Number of protein chains: 2
Amino acid sequence: MLDTQSIDIVRTQSLTSLVQREVERLILTGELAPGERINEQHLAARLRVSRGPVREALRGLEKARLVEARVNRGVYVREISVEQALEISEMRGLITGFACARLAAASTAEQRAQLAQLIDAMARAIEAGDAQGYYERNLAFHDALMDYAGNQRAKEMYDALVKESHLGRRKSLFSQRSMAESNAEHRAILDAIRTGDPEAARIAGEQHIVSGRRRFLDALGLVSATRG
Amino acid sequence: MLDTQSIDIVRTQSLTSLVQREVERLILTGELAPGERINEQHLAARLRVSRGPVREALRGLEKARLVEARVNRGVYVREISVEQALEISEMRGLITGFACARLAAASTAEQRAQLAQLIDAMARAIEAGDAQGYYERNLAFHDALMDYAGNQRAKEMYDALVKESHLGRRKSLFSQRSMAESNAEHRAILDAIRTGDPEAARIAGEQHIVSGRRRFLDALGLVSATRG
DNA sequence: ATGCTGTAAACTGTCAACAGTTTGAGTTTC
DNA sequence: GAAACTCAAACTGTTGACAGTTTACAGCAT
């Protein structure tokens with residue numbers, strides 16, 4: 001049963017939620033690959049729990065769109081098509097644009113300073129060639145945007161979309177140039193927010209996600225599905 | 001075990017999905033009221049299944065934000081605060097605006113004709129004082145908007161938000177005047193789509209949801225949380 | 001060799017039972 | 001009379017077992 005420390009957690013969290021988090025981790029880190037079948041018995045044995053909590057957890061992940069259940073055939077890590085990845089990206093852009101517009105209409109000096117600080121940290125990470133550092137701060141930047149926008153629901157939807165988008169992302173290593181481009185867009189977003197122009201901020205936010213998708217496709221060596 | 005007809009369904013659908021659909025229905029129709037506790041045993045007995053499928057179904061509904069699980073205390077039909085209802089409404093507006101913009105950029109004559117037909121049907125329902133008929137066609141109109149926009153993900157997010165919003169809606173009977181106002185906005189949306197102006201369509205779509213919220217609050221006799 | 005068929009293993013869907021927690025009524029104590 | 005305590009009933013969380021389906025493989029026919 002896991003270890004002693006975990007047992008205390010079991011008291012306040014259900015096994016289901018623990019399993020759910022673990023399987024989510026396995027999927028997001030790629031240890032469980034898209035298309036792969038998830039064997040309930042093996043998973044249960046590995047996590048030292050019975051199949052009940054495992055099945056419940058998988059049902060939750062199904063609604064979160066991370067896995068897909070086929071009747072009498074088990075559940076599979078979801079595979080997303082290019083088309084679906086584009087749709088997800090579009091929705092991320094929509095919500096990001098919303099958040100940016102919100103911040104342009106109402107944000108505190110402290111919030112703007114915090115965003116500026118993250119952008120500077122990203123710039124330093126790019127210079128240092130620290131892709132991992134950039135990646136983490138980029139996440140923090142987008143998290144901050146959603147937090148400050150003040151719509152909890154928007155943030156949760158955004159988070160869910162980001163998790164789902166990991167299903168389509170094979171490798172997320174970007175070139176220094178890509179990172180620099182991306183960070184320039186971060187600055188553009190912050191500028192628009194500072195100007196207090198919601199419409200410009202919205203466009204900057206949406207554009208950032210669109211450009212991110214293009215950079216990603218470029219990195220894969222694919223011809224972009226969108227023009228340009 | 002239900003009846004013979006149902007058994008055939010069981011073959012292709014899991015009991016879990018059947019339970020999930022039934023509980024969802026109970027919640028959306030108000031038979032299970034927000035805040036109400038859902039007793040697993042009673043529910044299982046009532047549906048003639050064991051607790052396993054019931055628990056799985058509830059876990060799915062939890063992720064869909066229709067119920068809330070408290071550890072060792074069971075699951076409750078979710079209650080949403082006014083604040084949360086506003087957030088949901090905002091997201092509905094955002095997605096509706098997106099869909100309208102999309103249609104302004106690209107829609108077929110047939111699609112526009114279909115929307116026009118639904119608007120006319122709503123107008124007739126209003127004249128006839130047929131609130132139920134209006135309600136259904138209104139749903140159909142918004143469904144059509146999302147369908148035609150061509151982003152499946154957007155439609156699903158929208159549908160989830162609509163379901164969730166039912167948790168906050170006690171009664172959805174509107175006055176003839178409200179319905180007329182609402183339908184005028186439908187026409188405004190269609191006009192903007194016909195003009196081919198995405199930005200105008202987006203604003204019309206967003207505005208429709210915002211106005212809908214205001215009409216709802218007015219109907220409750222509350223002071224609107226938003227200005228105006 | 002290749003394709004088909006039948007059978008056994010593996011696995012999912014479902015159920016019933018057990019263990020631990022919460023709840024509430026009844027009792028006791030101050 | 002009110003608060004605290006006790007204990008049993010009710011309920012949730014979890015488990016192990018059973019039933020039916022799917023899958024894979026061996027054997028057989030072509």
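This structure is a prediction, so every number in the text was calculated from the model and none was measured. A note on names: the letters A, B, ... follow the listed sequences, proteins ahead of strands, and every chain is numbered from 1.
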Answer yes when B:Arg21 and B:Glu24 have at least one side-chain N-carboxylate O distance shorter than 4.0 Å, and no when they do not. no
Please give, in whole Å, the distance from C:dT23 P to B:Asn39 CG? 13 Å
Atom pair distance, as rounded to whole Å: CZ in B:Arg59 and C1' in D:dT14: 12 Å
Integer-rounded Å distance: D:dT21 C1' and A:Arg70 CZ: 16 Å
Pairs of donor and acceptor atoms involving the side chains of residues 57-64 of chain B, under 3.5 Å and at least two apart or interchain, shall be tabulated with distances.
{"unit_1": "B:Arg59", "atom_1": "NE", "unit_2": "A:Glu56", "atom_2": "OE1", "d": "3.3"}
{"unit_1": "B:Arg59", "atom_1": "NH1", "unit_2": "B:Glu62", "atom_2": "OE1", "d": "3.2"}
{"unit_1": "B:Arg59", "atom_1": "NH2", "unit_2": "A:Glu56", "atom_2": "OE1", "d": "3.0"}

Under a 4.0 Å threshold between the charged nitrogen and the carboxylate oxygen, would B:Arg213 count as salt-bridged to B:Glu90? no
5'-most contact on DNA chain D: A:Tyr76 or A:Arg51, nearest heavy atom basis? A:Arg51
For the helix from C:dA1-D:dT30 to C:dC30-D:dG1, what is the angle between the axes at its two ends, each from 5 pairs, rounded to 10°? 10°
Interatomic distance, A:Leu47 CG vs D:dT14 C1' [rounded to whole Å]: 15 Å
Hey, does B:Gly52 reach any base, or is it just sugar-phosphate, or nothing, if we go heavy atoms under 4.0 Å? nothing
Is there side-chain contact between A:His166 and A:Thr29, with at least one heavy-atom pair below 4.5 Å? no
Proximal nucleotide (of C:dT22, D:dT14, C:dT12) relative to the B:Asn72 side chain: C:dT22
Looking at B:Arg153 and A:Leu86, would you say the former's side chain and the latter's main chain have a donor-acceptor pair under 3.5 Å? no
Ignoring backbone atoms, establish whether A:Arg37 has a side-chain N or O less than 4.0 Å from OP1 or OP2 of C:dT12. yes
Without decimals, in angstroms, what is the distance between A:Gln41 CD and D:dA17 P? 12 Å
Roughly how many Å is it from CZ in B:Arg73 to P in D:dG13, rounded to a whole number? 12 Å
Counting only side-chain nitrogens and oxygens, does B:His42 get under 4.0 Å of the OP1 or OP2 atom of D:dA10? no
Sugar-phosphate, base or nothing in reach of A:Ile38, heavy atoms under 4.0 Å: sugar-phosphate
Below the 4.0 Å mark, does D:dG13 have OP1 or OP2 next to a side-chain nitrogen or oxygen of B:Arg55? yes
Taking atom CD of A:Glu110 as the centre, does the number of heavy atoms from other residues, nucleotides or ligands within less than 6.0 Å exceed 12? no
Report which part of the nucleic acid B:Glu40 touches: base, sugar-phosphate, or nothing (heavy-atom distance under 4.0 Å, all strands). sugar-phosphate
Roughly how many Å is it from CG in B:Leu15 to C1' in C:dC15, rounded to a whole number? 10 Å
Whether B:His186 and B:His142 hold their rings parallel, tilted or perpendicular, with breakpoints at 30° and 60°: perpendicular
